[in-house]
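Structure record follows, encoded as structure tokens.
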Amino acid sequence: MTKYLPPNLLRLFEARPSIDYKKPIEKPKLPSLTGLGSLVQEFEDPNTVDYSKFRPLETKTQKLERKRKERLEQEEQKIRETLKSWDPHKDPNATEDSYKTLFVARIGYSTSESRLKRELEEYGPVHKVRLVTDTKTGKPRGYAFVEFEKERDMRTAYKLADGKKIDGRRILVDVERGRTVKGWKPRRFAGGLGGTRKGGDDANQRWSGRDPPQGAQSGSLVDSSRVLEIERERDEREKDRERERERERDRERDRERDRERDTKLRERESHRDRDRDRDRDREKERPRTKDRDREHRSDRDRSEHNGTHRDHDSARSDRRR
């Protein structure tokens, strides 16, 4: 049957070429196995070996701990060297007056300077807002410095703005300590006052804000249920304030709408008065125009009548001649 197939299909049934012959691989001869007796003389004498130059064997856990300590020592050395050249008074981006400046932390990364300024202006006029960003990526780092026009307004914000919710996150406020507290070091130099990243759950602070909740001492661990209850109460107060602000905005919009409506009504009334005065002036002008036209016609009739009489007199005098 295959003889009836076309040539292109017959090639599929052709035998493959034979495999080339390869010589077998010659295995190398291995040396014969011997004991260790001949090597004992090469060993060092245990009585003459200096063991101080050898590092003792360490487990995996010990090795990780050693590397961690080495990294900490390197970081501390780097911090000490950088701290020598750090001077907050020479910062070109710093605010003008440190005693009018408020430090704001735990800001949402999507919060803008205008939004932060608008939220804090309820405590007083704000002169400048500096939102700190990463020098490499340009992204915000979650804290800012807000300079008020008056020191009294900054103190009011220091007392009342701590724990305020902005864009779904509760902020923490404090005075600027870099230029006002002697010997102060920021967090990047192993300083700061934050208590949320000290260690595990048993050491970290669990509440949001600068001060602990009412009924708890600073540095003590607060019951999580109590913290949640305080957070809920704070959320409810914030919602009530937001609802009150929304109602006030609605009332202001209604007042603005009423003012616009009254302005339009007054404009319509003024237009009506102008139209009425214009019509009244036209009515007054109309009789005067009629009188002028009547006088003009009477004068023309008299002049025509006098001209007719003159013509008659001249004709009569001509006939007499």
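What you are looking at is a predicted structure, and each value in this text was computed from that prediction instead of being measured.
Here the CZ-CG distance, from R245 to D240, works out to 10.5 Å after rounding to the nearest 0.5 Å. The CD atom of E70 lies 11.0 Å from the CD atom of E65; values are rounded to the nearest 0.5 Å. Considering CD of E151 and OG of S98, their distance stands at 9.0 Å, rounded to 0.5 Å. To the nearest 0.5 Å, atom CD of residue E269 and atom NZ of residue K264 are 15.5 Å apart. Note that CD1 of I171 and CG of L116 are 6.5 Å apart. Values are rounded to the nearest 0.5 Å. Residue T101 holds its OG1 atom at 4.5 Å from CD of E147, rounded to the nearest 0.5 Å.
A salt bridge does not link K165 with E242: every distance from a Lys NZ or Arg NE/NH1/NH2 to an Asp or Glu carboxylate oxygen is 4.0 Å or more. Comment: E246 does not engage R243 in a salt bridge, judged by the lack of any side-chain N to carboxylate O separation of less than 4.0 angstrom. Contact check on R115 versus E119 returns a salt bridge, with a Lys/Arg side-chain nitrogen under 4.0 Å from an Asp/Glu carboxylate oxygen. Ion pairing between R272 and D275 fails under the 4.0 Å rule for side-chain N and carboxylate O. R253 and E260 are not joined by a salt bridge, as no carboxylate oxygen comes within less than 4.0 angstrom of a charged side-chain nitrogen.
Residues R241 and K164 have side chains not in contact (no heavy-atom distance under 4.5 Å, counting atoms from C-beta outward). F148 places none of its side-chain heavy atoms less than 4.5 Å from the side chain of T156. Between D91 and R179 the shortest side-chain heavy-atom distance does not fall below 4.5 Å. Between T95 and E176, the closest side-chain pair of non-hydrogen atoms falls below 4.5 Å. Using a 4.5 Å cut-off on side-chain heavy atoms (C-beta onward), E14 and R11 make contact. Side-chain contact check for R251 versus E248: some heavy-atom pair is nearer than 4.5 Å.
P140 and L131 get closest at one heavy-atom pair: CB-CD2, 4.4 Å. Between Y109 and G142, the closest heavy-atom pair is CE2-N, 3.8 Å. Minimum heavy-atom separation, P88 to G178: CG-O, 3.3 Å. Among all heavy-atom pairs drawn from N93 and K128, the shortest one is O-NZ, 4.1 Å. Taking every heavy atom of both residues into account, A157 and L102 meet most closely at CB-CD2, 3.8 Å.
Around atom CD of Q77, more than 12 heavy atoms belonging to other residues, nucleotides or ligands sit under 6.0 Å away. Residue L36 places its CG atom among 12 or fewer non-hydrogen atoms of other residues, nucleotides or ligands, all under 6.0 Å distant. Around atom CZ of R155, no more than 12 heavy atoms belonging to other residues, nucleotides or ligands sit under 6.0 Å away.
Hydrophobic clustering of Ile, Leu, Val, Met, Phe, Trp and Tyr side chains at less than 4.5 Å, counting indirect connections, unites V104 with V129. Y143 and L120 are not part of a single hydrophobic cluster, where members link through side-chain heavy atoms under 4.5 Å apart. Hydrophobic clustering keeps Y123 apart from F145 (ILVMFWY residues linked when any side-chain heavy atoms are closer than 4.5 Å, directly or through intermediates). Under the 4.5 Å side-chain contact rule for hydrophobic residues, V146 and L160 share a cluster.
Proximity of a side-chain donor or acceptor of D134 to a complementary backbone N or O of T137 within less than 3.5 Å is detected. Between the side chain of K100 and the backbone N or O of E149, at least one donor-acceptor pair lies under 3.5 Å. Under a 3.5 Å cut-off, the side chain of S85 and the backbone N or O of T82 do form a donor-acceptor pair. Put simply, the side chain of Q62 gets close to the backbone of T59: a donor and an acceptor are under 3.5 Å apart.
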Show your reasoning for whether side chain to side chain donor-acceptor pair (under 3.5 Å) applies to H271 and R274. CA-CA 5 Å; H271 288 315; R274 275 200 299 271; 2.3 Å; yes

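Remark: of the listed residues L172, I166, V173, L172 is the sole one forming a side chain to side chain contact (heavy atoms under 4.5 Å, CB included) with R106.
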